[in-house]
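No experiment lies behind these values; they were computed from the predicted model shown. Just so it is clear, the values below take in all heavy atoms, side chains as well, and ignore hydrogens, waters and symmetry mates.
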Amino acid sequence: MRILAVDQGTTSTRGILFDQDGRSQTVFSREHRQSYPQPGWVEHDPGELLDNVRACFEAAAAAGGVTAAGIANQGESCLAWDADDGTPVGPVIVWQDSRTAGDIARLKADGAEAMTLARAGLPLDPYFSASKLGWIVRNNAHAQELAASGRLRLGTTDAFFRDRLTGRFETDVATASRTSLLNLDTCQWDDELCALFGVPIDLLPKITPTSGALGTVVSGSVGTSLTASIVDQQAALYGHRCRQPGDVKITFGTGAFALTVASAERPPSQGGLLPTIAWQKAGAPPVYALDGGVYTVSAAINWARSVGLFEDFDEIAAFSGPTAAERGLYFVPALAGLACPHWDRDALGSWLGLSLDTTRQDMVRAVLEGIAFRMAEVIDAMNALQPISAPITIDGGMSANAHFAQFLTDTLARGVRVSDEPELSALGVAMQAAEAAGTAIDRPPQGRTLTPAPQSAMLREGFASARQAVQTFGAALTAQTAAS
């Protein structure tokens, strides 16, 4: 038995084969271009992404003996394409993109957030797909022409891949729950939400479970059954073996995303957290989750490197002496605004507490600490709604940084298990694909558990003050810009 997992992420696409014991073989890996045509705009080439996904299936077919396959997708990234020939009518608008910030501000001013929280469980924010899809309908002339002739299709990237690879215009319920167009109670597209964002409901894909018989992908003369399709963070939650309410994982990638399995009923929209669908197996009810994210994590570290704060990642793996926070230096990693639980796009990344003796090493250390402080805000909000089990499991590039992992553990004041498994999104979607194909991947979790050391509550309080100052400044700057 071998299962192909295609992990189509924000920066790269990987095809990984898993056997029954969970051993993995990467058969394809390629980064794709990032486009920033205007400030706040982030785009991908849909043809490039599709070619890379196809290449994963081709590489797996060449390796032979693939039982089934699953695809993990970026989540909120979305696009439009021609229903007749599959040609995209514009770029993929990536989840990081904030071009619809003005539209979102107007909807908030009109009081529309009460509707999105009640129906989709989500606040109004450019992060989600709905405003992006509405933007395409309003601003892309070719899309308007295709819509008028009944040939336009709208969806997240997974719907595009599945349409082109299997001939079935479908998305999964977990990905759909990230659009702000899905009604969390019915698990179907919501007429009023679609009308609010200007997204014609009949142009959206059919919603399916995250696993089951989802079609066949043909590579040459080889057909591979697609038995799982799910958003990447929910795939990682499954890969972490989080199955019971209160089980939590945090993935540290471009951003950091914490998810916890929730109780059987839909979680409330409270505390700035996002109720969402974790997964739904064919013939079973949906499993709910709570999600909280920090927008810039490895993105913040890479930015710090690009401006010359350090050269080699080994330089930031260990530090000596008091922490930056203990010396009164804080960094608020709001380089793309603040996500959970604040949802403040006006906030800006900032250091507070700089002095003449501050060094580059101090500044980058404060960046690492700021990310940990922000994640602690998310976990505190999460624990207030869904009591968290211990330990929290973490993965992603920054989890390999021993200094960061221990500082995070101390800040959270709870045990943290650092996963040694490098591809948990891929493993999670492979597990779902295997189970839907009538088999299973049997591999115990790999990793080490860290124990928290005492940390003064004053450090968290200091960060909260710094974050509030950043928010106040951002709001004032936005008001000044609007008035000028």
Geometric class of the F252/F404 ring pair [parallel <30°, tilted 30-60°, perpendicular >60°]:
perpendicular

Just say parallel, tilted or perpendicular for the rings of F331 and W303, cut-offs at 30° and 60°.
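Rings of F331 and W303: parallel, under 30°.
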
Is it the case that more than 12 heavy atoms not belonging to E31 sit under 6.0 Å from its CD atom?
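No, not enclosed.
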
Salt bridge (charged side-chain N to carboxylate O under 4.0 Å, His left out) evaluation trace for K132 with D97:
CA-CA 9 Å; K132 297 177 173 67; D97 190 285; 5.8 Å; no

Do R243 and Y238 meet the cation-pi criteria used here (NZ or CZ under 6.0 Å from the six-membered ring centre, within 45° of the axis)?
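Yes, R243 lies over the aromatic ring of Y238.
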
How far does [atom1] of [X] sit from [atom2] of [Y], to the nearest 0.5 angstrom?
{"X": "W351", "Y": "D362", "atom1": "CH2", "atom2": "CG", "value": "11.5 Å"}
{"X": "R151", "Y": "H142", "atom1": "CZ", "atom2": "NE2", "value": "6.5 Å"}
{"X": "C56", "Y": "R54", "atom1": "SG", "atom2": "CZ", "value": "12.0 Å"}

Less than 6.0 Å separating the ring centroids of W95 and F257?
yes

So, are [X] and [Y] salt-bridged, with charged N and O less than 4.0 Å apart?
{"X": "R153", "Y": "D82", "result": "no"}
{"X": "R168", "Y": "D163", "result": "no"}
{"X": "R460", "Y": "E377", "result": "no"}

Before giving the answer on salt bridge (charged side-chain N to carboxylate O under 4.0 Å, His left out), spell out for R33 and D45 the whole-Å C-alpha distance, their side-chain angles and the decisive distance to 0.1 Å.
CA-CA 7 Å; R33 293 186 299 274; D45 179 349; 3.3 Å; yes

Please tabulate, for side-chain N and O atoms in residues 286-298, each donor-acceptor pair with protein atoms closer than 3.5 Å (sequence neighbours left out).
unit_1: Y288; atom_1: OH; unit_2: L184; atom_2: O; d: 2.9
unit_1: D291; atom_1: OD2; unit_2: R178; atom_2: NH2; d: 3.0
unit_1: Y295; atom_1: OH; unit_2: D125; atom_2: OD1; d: 2.9
unit_1: Y295; atom_1: OH; unit_2: R345; atom_2: NH2; d: 3.4
unit_1: T296; atom_1: OG1; unit_2: P333; atom_2: O; d: 2.8
unit_1: S298; atom_1: OG; unit_2: G253; atom_2: O; d: 2.7
unit_1: S298; atom_1: OG; unit_2: T254; atom_2: N; d: 3.2

For a side-chain hydrogen bond (donor to acceptor under 3.5 Å, both in side chains) check, start with the C-alpha distance between S419 and R417, then their side-chain angles and the critical distance, and finish with the verdict.
CA-CA 6 Å; S419 174; R417 183 168 62 80; 4.8 Å; no

Intermediate values then yes/no, salt bridge (charged side-chain N to carboxylate O under 4.0 Å, His left out), D103 and R138:
CA-CA 12 Å; D103 300 325; R138 290 190 303 276; 3.0 Å; yes

